[in-house]
There are 2 protein chains.
Amino acid sequence: MTSAPYASRERSTKERILGAAEALFATHGFAGASLRQVTAAARVNLAAVNYHFGSKDKLIEEVFRRRLDELNSRRMAALNRIAGESGTTLEDVLDAYIRPALDLSRSDGGGAAFVRVLARAYAEHNETLRRFLSDNYGHVLRQFANEFSRLLPNLAREEIYWRLDIVTGALTYAMADFGVIQRKSDVAERDHREAAADHLIRFAAAGMRNPSASNSSASR
Amino acid sequence: MTSAPYASRERSTKERILGAAEALFATHGFAGASLRQVTAAARVNLAAVNYHFGSKDKLIEEVFRRRLDELNSRRMAALNRIAGESGTTLEDVLDAYIRPALDLSRSDGGGAAFVRVLARAYAEHNETLRRFLSDNYGHVLRQFANEFSRLLPNLAREEIYWRLDIVTGALTYAMADFGVIQRKSDVAERDHREAAADHLIRFAAAGMRNPSASNSSASR
DNA sequence: CGTATTCTCAAACAATCGTTTGATTCAAAC
DNA sequence: GTTTGAATCAAACGATTGTTTGAGAATACG
C-alpha cells in the first residue's frame with residue numbers, strides 16, 4: 001500500500017513536481033508560475049498536481065514544508081546549544097537563526113532555489129501563507145524571541161518580533177541574491193558568501209541592539 | 001490639445017490609475033494585481049489602462065517612472081555634493097543613495113507604497129523590468145559605482161556592482177517593511193526609522209568594505 | 001454653430017488560469 | 001486470471017486574465 005507504483009522512474013512524481021515548482025516559484029513567483037509550466041518542467045500530467053496535492057495552494061505549502069522542517073529543526077538544535085548560557089551573545093543567536101539557511105543555500109539539491117522562494121515569501125505579504133508558516137513554525141520564532149528577550153531585556157516583546165521580522169527579511173533577501181549571481185570560481189564564491197554572512201549577522205545584531213527612543217543625530 | 005478634458009474630476013484618470021496601481025502592486029505584486037482590480041479601485045473604466053498607457057507592462061513602467069525620476073535626481077544631487085571630495089566616506093555615499101528612498105517612504109502621497117513596490121521589483125528578477133530600469137536609470141548606478149570604486153580601489157568593477165545590488169536589495173526590503181507595520185505613535189515611528197536607517201547604512205558600509213578573499217573564521 | 005479630437009464606456013475578444021472529469025494503464029492482492 | 005485500488009492521461013470545465021472593438025459622450029477648435 002505504501003509502496004510506490006511507477007517507482008521504476010528516476011524520481012517519484014511528487015518529488016519531481018516539488019522540485020520543478022520550487023525552481024519556477026523562485027524564478028516567476030507563486031502567481032507568476034502556472035501549474036502548466038510546473039507540470040511541463042516536471043514532465044508529468046497537468047492533473048497530477050491536484051491529484052497528489054489537492055490544489056496549487058497546498059502544493060505551495062508542501063514546497064515550504066519539505067525544506068522548512070529540516071531548516072527549523074536545525075535552527076532549534078543550534079539555539080538549544082546556546083540558549084540560557086551566560087556567555088551567549090546576540091551574534092550567537094542570530095548565527096543559530098541564519099547559518100542553517102546559509103547552509104541550505106549551499107546544498108546541492110535545489111536548496112539555493114528554495115532560499116529565493118523564501119525571499120519571495122517575505123516580499124509577498126500573502127496572508128494565507130503567513131498563517132501557514134505561523135501555525136507550523138511559529139514555535140521556532142517564539143523560542144528565538146525568548147532568547148532575544150533575555151539578551152535585550154529593555155525591548156518590549158512586540159518590538160522584538162518587529163525587528164526580528166525586518167532583520168530576517170533583509171538577511172533572507174541578501175542570501176537569496178547570492179544564488180542568482182554566478183561567480184567565476186566556486187571556492188571564491190563560498191569564501192565570499194561566508195564572509196558576507198558574518199557581516200550580515202553583525203549588521204543584524206546592530207539593528208537588534210539599536211535603542212528605540214534615541215534619535216540618531218550627528219552620525220555625520 | 002495638451003489641456004485635459006474631464007478635468008473637473010478630483011484627479012486626472014491617469015493619475016488615479018497610477019495611484020491605484022501603485023497601491024495594489026505593493027500589496028499583491030505585479031502578476032497578482034489584475035487590471036480589473038486596478039481600474040475598480042481607481043473608479044475608471046477597464047479600457048482606460050490600455051488607452052492611456054498601452055498595456056499593463058507600460059503601466060508598470062510608468063508607476064516606476066513617476067517616482068524614480070525624482071528619486072534618482074535627488075540621489076544624483078546628493079552624490080554630486082560629495083563625489084571626489086577627500087573627506088567623503090563610504091557611509092556618505094551610501095547615505096546619498098539610501099536617504100532619498102527613506103524620505104520617499106515617509107512622504108504622504110503613496111510614497112510608502114512605492115517603496116514596497118521597489119522591494120518587489122528587487123525580489124522578482126523580471127528581465128524586462130530590469131532592462132527598463134537599467135536603460136532609464138543605469139547612469140545613476142554607474143555614477144555611484146564610480147564613487148565606490150574611488151573609495152574601494154581594491155575591488156573589481158564587477159564586484160562593486162554585485163555587492164551594490166545585494167546591499168541595496170536588503171536595504172530596500174528593510175525600508176519597505178517599515179511601511180507595513182503601524183506603530184503606536186507617529187513620532188516614535190519616525191525616530192525609530194531614522195535610527196534604523198543609520199544602522200542599515202553602517203551595515204551596508206561593512207558589507208561593501210568586506211575584503212573578498214579573506215575567509216571569515218574565528219568570529220566566535 | 002459645426003467639426004474634430006479626446007476620452008469614456010459596455011461588451012466582447014482570444015488566451016490562460018486552476019480545477020474536475022472519466023476513461024485508461026499500471027502494479028500488486030488474492 | 002481476476003479483481004482491486006492507485007496513478008496517469010487527454011479533454012474539458014468555468015472563471016479570470018490582458019486586450020480590442022465600436023459606439024457614444026465630452027471637450028476643444030474653427
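Residue numbers start from 1 in every chain, and the chains themselves are labelled A, B, ... in the order their sequence lines are given, proteins ahead of strands.
- In secondary-structure terms, DNA chain D builds stems of at least 3 consecutive Watson-Crick or G-U pairs, each pair having both distances under 3.5 Å, at C:4-6 with D:25-27, C:8-30 with D:1-23.
- A pairwise comparison of heavy atoms in Lys56(A) and Phe25(A) identifies CE-CE2, 4.3 Å as the closest pair.
- Ring-plane geometry between Phe64(A) and Phe30(A) is classed as tilted, the angle between the planes lying from 30 to 60 degrees on a 0 to 90 degree scale.
- Applying the ring pair (Phe, Tyr, Trp, His ring centres under 6.0 Å) test to residues at least two apart or on different chains, the pairs with a partner in residues 128-147 of chain B are Tyr97(B)-Phe144(B).
- Between the NE2 atom of His52(B) and the P atom of dT5(C) there is a distance of 18 Å, rounded to whole Å.
- In this structure, CD1 of Ile60(A) is placed 11 Å from C1' of dG18(C), rounded to the nearest angstrom.
- For Asp103(B), the side chain to side chain donor-acceptor pair (under 3.5 Å) test picks out Arg106(B), with sequence neighbours left out.
- When the salt bridge (charged side-chain N to carboxylate O under 4.0 Å, His left out) test is applied to Arg81(A), no partner is found at least two apart in sequence or on another chain.
- Glu61(A) is linked by a salt bridge (charged side-chain N to carboxylate O under 4.0 Å, His left out) to nothing, counting only residues two or more places apart in sequence or in another chain.
- Evaluation of the side chain to side chain contact (heavy atoms under 4.5 Å, CB included) rule for Ser149(B) yields Arg157(B), Ile160(B) as partners, not counting sequence neighbours.
- In this entry the distance linking CG of Leu59(B) with P of dT19(D) reads 10 Å, nearest Å.
- Among residues two or more places apart in sequence or in another chain, the side chain to side chain contact (heavy atoms under 4.5 Å, CB included) test is passed with Leu94(A) by Phe148(A), Val167(A), Ile201(A), Ala204(A), Ala205(A).
- Here Thr13(A) reaches the OP1 or OP2 of dT8(D): one of its side-chain N or O atoms lies under 4.0 Å away.
- In terms of the salt bridge (charged side-chain N to carboxylate O under 4.0 Å, His left out) criterion, residue partners of Arg66(A) (sequence neighbours excluded) are, by chain and number, Glu22(A).
- Under the rule for a side chain to side chain donor-acceptor pair (under 3.5 Å), the partners of Glu70(B) that lie at least two apart in sequence or sit in another chain are Arg74(B).
- By the side chain to side chain donor-acceptor pair (under 3.5 Å) test, Asn80(A) pairs with no residue at all, sequence neighbours left out.
- In this structure, Ile17(B) atom CD1 and dC7(C) atom C1' are separated by 11 Å, rounded to whole Å.
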Pull out every protein N or O sitting under 3.5 Å from an N or O of nucleotides 20-22 of chain C, one pair per line with the distance.
none

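- Within a heavy-atom distance below 4.0 Å of DNA chain D, the residues of residues 30-42 of chain B found are Ala33(B), Ser34(B), Leu35(B), Arg36(B).
- Summarising the geometry, the separation between CZ on Arg11(A) and P on dA7(D) is reported as 17 Å, rounded to the nearest angstrom.
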